[in-house]
Visitor: 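Next up is a structure, given as structure tokens.
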Amino acid sequence: MPKDAPLNSGAPEAPMGSHQRVSGMQAKLHRWAAADDGRRFDDLFNLVCDPATLLVAFERVAGNKGAKTPGVDGVTAVNVERDIGSYGFLEDLRHVLKTGEFRPLPVRERKIPKQGGSGKVRSLGIPTITDRVVQAALKLVLEPIFEADFKPISYGFRPLRRAHDAIAEIHFYGTRGYRWVLDADIAACFDSIDHTALMDRVRARVKDKRVLRLVKAFLKAGVLTEDNSREDTLTGTPQGGILSPLLANIALSALDEHLTRPWESGGEMATGNL
């Protein structure tokens, strides 16, 4: 990493200072990625393990509505704060990350009804609190890099973007002569993402082998099904994982690039990925 983006490696700071430091780190990563679309980033692992990054990641996990839902270890964010305290928890987590001892646990399967009254169910994969914090830290570091590459027509699971923005874009073009909207869906998108193809796209931007190993470890962590049987995860990234939406967008960016290529020579484009 360039020398103007270090984060301290001491004890966690006050939350406000940590947020400012992480925001500054993200701004620099995004700026460097946008300035050089061929740049591969190294030494990202130290940013993931930085106390400020882990503290912000923990706050996001603990503040999420799923904080009371345990993974396979039965531990919730409330348990962590009551029994260990966030400081001790993050110090221990940082140690196992830095020593290479960290191993993600399988996600806990939870099936919920799909919307629309179809009778079908959606399978969620719920990571442990520890794994959620590491995923959140990875996302804090990786998202600003890949955001520099994503197409402006992409809206799903992106910061400061939502489905309503895509709908507004459709209305905009609808008042300017466009008459057709293509509505399509990718069957079992999260479940069927090819790990090799996804990791190839991650490697196009990330050179740090320790970060690549972490991402791959989460993809291969497996599932503990509702009947308590262990299943390997040969494809896909679990719905319910904090890192999964970003990984899905990285995989789907190949589709966006394919769709926009005919227009990038100067033509007008009116497509959008919700």
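Quantities reported herein were computed from a predicted structural model and do not represent experimental measurements. Note that the numbering runs from 1 along the sequence shown for the chain. The analysis underlying the following values was restricted to heavy atoms, covering all of them including side chains, and did not include hydrogens, waters or symmetry mates.
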Visitor: According to side chain to side chain contact (heavy atoms under 4.5 Å, CB included), who are the partners of Thr237, at least two apart in sequence or on a separate chain?
Guide: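 Checked Thr237 against side chain to side chain contact (heavy atoms under 4.5 Å, CB included); matches are Phe190, Ile193, Leu219, Ser244, Leu247.
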
Visitor: May I ask you to decide whether Glu257 forms a salt bridge with Lys151, counting only side-chain N to carboxylate O separations under 4.0 Å?
Guide: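 Salt bridge flag = no for Lys151 with Glu257.
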
Visitor: Does the Asp131 side chain pair with the main chain of Leu105, one donor and one acceptor, at a distance under 3.5 Å?
Guide: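 Flag set: sc Asp131 to bb Leu105 pair under 3.5 Å.
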
Visitor: How long is the gap from OG1 on Thr76 to CD on Glu81, to the nearest 0.5 Å?
Guide: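 If I round to the nearest 0.5 Å, the distance is 9.0 Å.
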
Visitor: For residues Leu124 and Leu246: do they belong to one hydrophobic cluster (side chain heavy atoms under 4.5 Å, members Ile, Leu, Val, Met, Phe, Trp, Tyr)?
Guide: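 As far as the 4.5 Å side-chain criterion goes, Leu246 and Leu124 are not connected within one cluster.
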
Visitor: Between Arg158 and Glu147, is the salt bridge (Lys or Arg N to Asp or Glu O under 4.0 Å) condition met? List the steps.
Guide: CA-CA 8 Å; Arg158 293 185 60 188; Glu147 272 292 316; 2.7 Å; yes

Visitor: Please report the shortest heavy-atom distance between Asn64 and Gly66, naming the atom on each side.
Guide: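 For Asn64 and Gly66, the tightest heavy-atom pair comes out as OD1-N, 2.8 Å.
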
Visitor: Using the test side-chain hydrogen bond (donor to acceptor under 3.5 Å, both in side chains), find all partners of Lys139 that sit at least two apart in sequence or belong to another chain.
Guide: none

Visitor: Any side-chain to backbone donor/acceptor pair from Glu109 onto Gly125? Under 3.5 Å, distance only.
Guide: no

Visitor: Assigning hydrophobic clusters by single linkage (Ile, Leu, Val, Met, Phe, Trp, Tyr; side-chain heavy-atom cutoff under 4.5 Å), is Val107 placed with Val134?
Guide: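 No, separate clusters.
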
Visitor: Test of understanding: clusters of I, L, V, M, F, W, Y form through side-chain heavy atoms closer than 4.5 Å, transitively. Do Val96 and Val133 belong to the same one?
Guide: yes

Visitor: For the NZ atom on Lys98, are there more than 12 heavy atoms of other groups (residues, nucleotides or ligands in this structure) within a distance under 6.0 Å?
Guide: yes

Visitor: Starting from Val78, can I reach Ile84 by hopping between I/L/V/M/F/W/Y residues whose side chains sit under 4.5 Å apart?
Guide: no

Visitor: With rounding to the nearest 0.5 Å, note down the distance linking CG in Asp42 to CG in Leu44.
Guide: 7.0 Å

Visitor: Taking the side chain as everything from C-beta on, heavy atoms only, tell me whether Val72 gets closer than 4.5 Å to Ile126.
Guide: no

Visitor: Do the side chains of Asp149 and Arg205 get nearer than 4.5 Å, heavy atoms only?
Guide: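 Touching, per the 4.5 Å side-chain cut-off.
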
Visitor: For the atom pair CZ (Arg201) and CZ (Phe146), what is the distance rounded to the nearest 0.5 Å?
Guide: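 So the gap between those two atoms works out to 9.0 Å.
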
Visitor: Mind running side chain to side chain contact (heavy atoms under 4.5 Å, CB included) on Met25 and Leu29 for me, showing each step along the way?
Guide: CA-CA 6 Å; Met25 173 266 290; Leu29 289 174; 3.3 Å; yes

Visitor: Distance-only, no hydrogens or angles: does the Arg122 side chain make a donor-acceptor pair with backbone N or O of Lys111 under 3.5 Å?
Guide: no

Visitor: Could you check whether any side-chain N or O of Thr99 sits under 3.5 Å from a backbone N or O of His95, counting only pairs where one atom can act as donor and the other as acceptor?
Guide: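 At least one qualifying donor-acceptor pair exists.
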
Visitor: Check whether any side-chain heavy atom of Ile145 lies under 4.5 Å from a side-chain heavy atom of His30, and answer yes or no.
Guide: no

Visitor: Mind checking whether Leu140 and Val48 have side chains closer than 4.5 Å, heavy atoms only?
Guide: no

Visitor: Would you check, one step at a time, whether the test side chain to side chain contact (heavy atoms under 4.5 Å, CB included) holds for Tyr155 with Arg162?
Guide: CA-CA 6 Å; Tyr155 293 91; Arg162 54 182 185 155; over 6 Å; no

Visitor: Within the side chain of Ser253, is there an N or O that forms a donor-acceptor pair under 3.5 Å with the backbone of Ile250?
Guide: yes

Visitor: Provide the full list of ring-ring contact (aromatic ring centres under 6.0 Å, His included) pairs with a residue in residues 42-66, sequence neighbours left out, each pair given once.
Guide: Phe58-Phe89

Visitor: As a quick check of understanding, evaluate side chain to side chain contact (heavy atoms under 4.5 Å, CB included) for Phe102 and Thr130, giving each step before the final call.
Guide: CA-CA 10 Å; Phe102 174 80; Thr130 299; 3.9 Å; yes

Visitor: As an exercise, state the distance from CG of Leu234 to OG of Ser192, rounded to the nearest 0.5 Å.
Guide: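 Going from the CG atom of Leu234 to the OG atom of Ser192 covers 13.0 Å.
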
Visitor: Would you say that Arg82 contacts Asn79 through its side chain, given a criterion of any heavy-atom pair below 4.5 Å between the two side chains?
Guide: yes

Visitor: Hey, does Phe41 have a side-chain heavy atom less than 4.5 Å from the side chain of Val206?
Guide: no

Visitor: Where do Gln135 and Phe218 come nearest, in terms of heavy atoms and distance?
Guide: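 Of all heavy-atom pairs spanning Gln135 and Phe218, the closest is NE2-CD2, 3.4 Å.
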
Visitor: When you measure from the side chain of Asp36 to the backbone N and O of Ala33, does any donor-acceptor pair fall under 3.5 Å?
Guide: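 No.
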
Visitor: Should Arg21 and Thr53 count as side-chain neighbours, where that means a heavy-atom distance under 4.5 Å?
Guide: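 Not in contact.
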
Visitor: Donor-acceptor pair, Arg103 side chain versus Gly100 backbone, under 3.5 Å?
Guide: yes

Visitor: Using modelled atom types and a 3.5 Å cut-off, is there a donor and acceptor pairing between side-chain atoms of Arg132 and backbone atoms of Pro127?
Guide: yes

Visitor: Can you find a heavy atom in the side chain of Thr225 that is under 4.5 Å from one in the side chain of Arg108?
Guide: no

Visitor: To check you understand the geometry: which heavy-atom pair defines the closest contact between Ala136 and Ala57, and what is its length?
Guide: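 Where Ala136 meets Ala57 most closely, the heavy atoms are CB-CB, 3.7 Å.
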
Visitor: Find the distance between CG (Leu252) and CG (Leu198) and round it off to the nearest 0.5 Å.
Guide: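 Answer rounded to 0.5 Å: 10.0 Å.
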
Visitor: Any carboxylate oxygen within less than 4.0 angstrom of a Lys/Arg side-chain nitrogen, looking at Asp232 and Lys220?
Guide: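 No, no charged N to carboxylate O under 4.0 Å.
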
Visitor: Write down the atom of Arg161, the atom of Pro152, and the distance for their closest heavy-atom approach.
Guide: NH1-O, 2.8 Å

Visitor: Counting N and O atoms only, with roles assigned by atom type, does the side chain of Asp208 sit under 3.5 Å from a partner on the main chain of Asp43, one being a donor and the other an acceptor?
Guide: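 Yes.
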
Visitor: Can you see which heavy atom on Ala148 is nearest to which on Ala34, and at what distance?
Guide: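 Heavy-atom minimum between the residues: CB-N, 3.7 Å.
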
Visitor: Can you tell me if Asp183 has over 12 outside heavy atoms packed within less than 6.0 Å of its CG?
Guide: no

Visitor: Quick check against the 3.5 Å criterion: does Arg60 have a side-chain atom that pairs as donor or acceptor with the backbone of Val56?
Guide: no

Visitor: Restricting to non-hydrogen atoms, name the atom on Cys49 and the atom on Leu97 that form the minimum distance, rounded to 0.1 Å.
Guide: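 That would be SG-CB, 3.7 Å.
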
Visitor: So if you build clusters from Ile, Leu, Val, Met, Phe, Trp, Tyr with side-chain heavy-atom gaps below 4.5 Å, do Val223 and Val215 land together?
Guide: no

Visitor: How far does OG of Ser18 sit from CG of Asp50, to the nearest 0.5 angstrom?
Guide: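 Spacing of OG (Ser18) from CG (Asp50) equals 8.0 Å.
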
